[in-house]
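Ligands are counted one by one from 1 in listed order, and the atoms in each one are counted from 1 as well. The figures that follow rest on heavy atoms only: side chains count, while hydrogens, waters and symmetry mates do not. Keep in mind that what you see is a predicted model, and the values were worked out from it rather than measured. Numbering of residues begins at 1 and proceeds along the displayed sequence.
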Amino acid sequence: MEICPFVRLLDWRTLRAADCLTARQSREVDRFAIEELGISSLVLMENAARSVCDWISQYDQASSGGETSFVVRIVCGRGNNGGDGFAIARLLWTMGYAVEIFATHPEAEFSPDARANAALARKLGIPWRELQEFGEAAASAQAKDWIVDAILGTGQSRPLSGVLAELVQGMNASASRRLAVDLPTGFSADAGPVSGNRLIDQPHELAGLCVRADVTITFVTPKMGMLHPGAREYLGETFVASIGLPEKLLREAVSLQ
Ligand SMILES: NC(=O)C1=CN([C@@H]2O[C@H](COP(=O)(O)OP(=O)(O)OC[C@H]3O[C@@H](n4cnc5c(N)ncnc54)[C@H](OP(=O)(O)O)[C@@H]3O)[C@@H](O)[C@H]2O)[C@@H](O)CC1
Ligand SMILES: [K+]
């Protein structure tokens, strides 16, 4: 089912390993596109952000006739997943949505593309709130609001702890709807909802350590961790967004499997 031109609903019944990429293959696809084809990483990031915004506005149109009285709270990590979040904030802001940015790190620690999009968001004067205000904001959020999880994507390599674990628990406890950018934070691209080095086989026991998204919009292809039996509890309704990379490239990357 095509929701928007570049976003399609993932069909769980037909999902196979051959359709999925690991985190390493995802990075290889991005590297190949950037270094061999010359597509800039900022263009890939913009395409990724645009697909999330298209989905939100289509969903808003379909579910409430486009009354945009809800608030979109975007929590941005310091890597390119966070960079997607800053770009999403900018695009939604230009579409007239009420947007609030929360950043997990100081700007000096951002990846180059995240820093570029954060600077744009600053220049536009998009409301940028203190991270420590997020718990209260999430607790008082309404059901029609959105929390966009742009903390960690395919770069996550270890269980959550400290501030990020607290943020994720605040997200999961909120009445707000949750949309995960690329992957829910706490969800491994390779193994699914992971704690330590083992798969979570009783998801409820460690739910605080992984965002339970209502919607996940993943880029380019499904990820190997989505095959995990407990995955859907965290991914919610899952969509795959094209970010402008040719199919041929994906087949070459998947052949690295
Ligand atoms: N051109 C492209 O590449 C495109 C990529 N795109 C987007 O980029 C995303 C991948 O970005 P990314 O590689 O920067 O990693 P990301 O997931 O942001 O993590 C950031 C850093 O966090 C750290 N970290 C890891 N685990 C952690 C933990 N448990 N707790 C705390 N910190 C932890 C780890 O750094 P470390 O601490 O290991 O040095 C990691 O480097 C991808 O999901 C998609 O959204 C799209 O824009 C399309 C184009
Ligand atoms: K995420």
* Working for side-chain contact (heavy atoms from CB on, under 4.5 Å), residues Val75 and Met171 -> CA-CA 10 Å; Val75 190; Met171 287 182 175; 3.6 Å; yes
* Determine, stepwise, if the pair Ser51 / Asn47 fulfils side-chain hydrogen bond (donor to acceptor under 3.5 Å, both in side chains). => CA-CA 6 Å; Ser51 65; Asn47 290 348; over 6 Å; no
* Test side-chain hydrogen bond (donor to acceptor under 3.5 Å, both in side chains) applied to Asn80 and Ser111, step by step -> CA-CA 6 Å; Asn80 285 348; Ser111 68; 2.8 Å; yes
* Run the side-chain contact (heavy atoms from CB on, under 4.5 Å) check on Cys20 and Leu227 step by step: do they pass? -> CA-CA 9 Å; Cys20 300; Leu227 294 169; 4.1 Å; yes
* Residue pair Arg73, Asp145: steps toward the salt bridge (Lys or Arg N to Asp or Glu O under 4.0 Å) verdict -> CA-CA 8 Å; Arg73 295 182 177 87; Asp145 292 339; 3.3 Å; yes
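Considering backbone and side-chain atoms alike, Arg27 places every N or O at 3.5 Å or more from each N or O of ligand 1. Note: no N/O pair closer than 3.5 Å links Ile34 and ligand 1 by distance alone.
Listed by number with element, the atoms of ligand 1 under 4.0 Å from a non-hydrogen atom of Ser157 are 25 (C), 26 (N). The distance from ligand 1 to the heavy atoms of Leu164 drops below 4.0 Å at these ligand atoms: 30 (N), 31 (C). Near Phe219, meaning under 4.0 Å from one of its heavy atoms, ligand 1 places the atoms 45 (O). Every atom of ligand 1 is numbered from 1 in the order shown, and the set under 4.0 Å from a heavy atom of Gly153 is 16 (P), 17 (O), 43 (O). Distances below 4.0 Å separate heavy atoms of Leu44 from the following atoms of ligand 1: 1 (N), 49 (C).
Checking Pro184 against the K ion (ligand 2), every N/O/S atom stays at or beyond the 3.4 Å cut-off. Metal site remark for the K ion (ligand 2): Val181 contributes an N, O or S atom at a distance under 3.4 Å. Among the backbone and side-chain atoms of Ile151, none of the N, O or S atoms lies under 3.4 Å from the K ion (ligand 2).
Protein heavy atom closest to atom 32 (N) of ligand 1, with residue, atom name and distance, is Arg158 NH2, 3.4 Å. Atom 12 (P) of ligand 1 has Asn80 N, 3.9 Å as its closest protein atom, hydrogens excluded (heavy atom only). In this structure, atom 7 (C) of ligand 1 lies nearest to the protein heavy atom Asp84 OD2, 3.3 Å. In this structure, the protein non-hydrogen atom closest to atom 43 (O) of ligand 1 is Asp182 OD2, 2.6 Å. The shortest contact between atom 20 (C) of ligand 1 and any protein heavy atom is with Gly79 CA, 3.8 Å. Of all protein heavy atoms, the one closest to atom 40 (C) of ligand 1 is Gly155 O, 3.8 Å. The protein non-hydrogen atom at the shortest distance from atom 3 (O) of ligand 1 is Asp30 OD2, 3.0 Å. In terms of protein heavy-atom proximity, atom 21 (C) of ligand 1 is nearest to Leu152 CD2, 4.3 Å.
Checked by atom type and distance alone, the side chain of Arg232 never pairs as donor or acceptor with a backbone atom of His228 at under 3.5 Å. Judged by distance alone, the side chain of Asn81 and the main-chain N or O of Leu152 form a donor-acceptor pair under 3.5 Å.
For Asp113, no heavy-atom contact with ligand 1 is shorter than 4.0 Å. Proximity of Thr154 to ligand 1, defined as any heavy-atom pair under 4.0 Å, is shared by backbone and side chain alike. In Asn81, the parts holding a heavy atom less than 4.0 Å from any atom of ligand 1 are both the side chain and the backbone. Counting heavy atoms under 4.0 Å from ligand 1, residue Ile243 touches it through the side chain alone.
Taking 4.0 Å as the cut-off between side-chain N and carboxylate O, Glu107 and Arg78 do not count as a salt-bridged pair. Taking the charged nitrogens against the carboxylate oxygens, Glu136 and Arg129 have no contact shorter than 4.0 Å, which rules out a salt bridge.
A donor-acceptor contact under 3.5 angstrom links the side chains of Lys223 and Thr218, judged on distance only. In the model, Ser26 has no side-chain atom that pairs as donor or acceptor with a side-chain atom of Asp30 under 3.5 Å. Checking Lys144 against Ser69 by side-chain atom types alone, a donor-acceptor pair falls below 3.5 Å.
Contact between Ser111 and ligand 1 is absent, with no heavy atom of the residue lying under 4.0 Å from the ligand. In this structure, Pro159 has a heavy atom closer than 4.0 Å to ligand 1.
Comparing Glu109, Gln156, Arg78, His105 against atom 36 (P) of ligand 1, the shortest heavy-atom distance belongs to Arg78.
Seen from the K ion (ligand 2), atom O of Leu152 and atom OD1 of Asn81 lie 70° apart in angle, a value rounded to 10°.
Taking the centre and axis of the six-membered ring of Phe70, the NZ or CZ atom of Arg177 falls inside the cone set by 45° and 6.0 Å.
Ring-centre distance between Trp128 and Trp93: not below the 6.0 Å cut-off.
When the options Val168, Leu131, Thr104 are evaluated for a side-chain contact (heavy atoms from CB on, under 4.5 Å) with Val163, the one that passes is Leu131.
Taking each heavy atom of Thr216 and Tyr234 in turn, the nearest pair found is OG1-O, 4.3 Å.
For the K ion (ligand 2), the nearest N, O or S atom contributed by Asp149 is named O.
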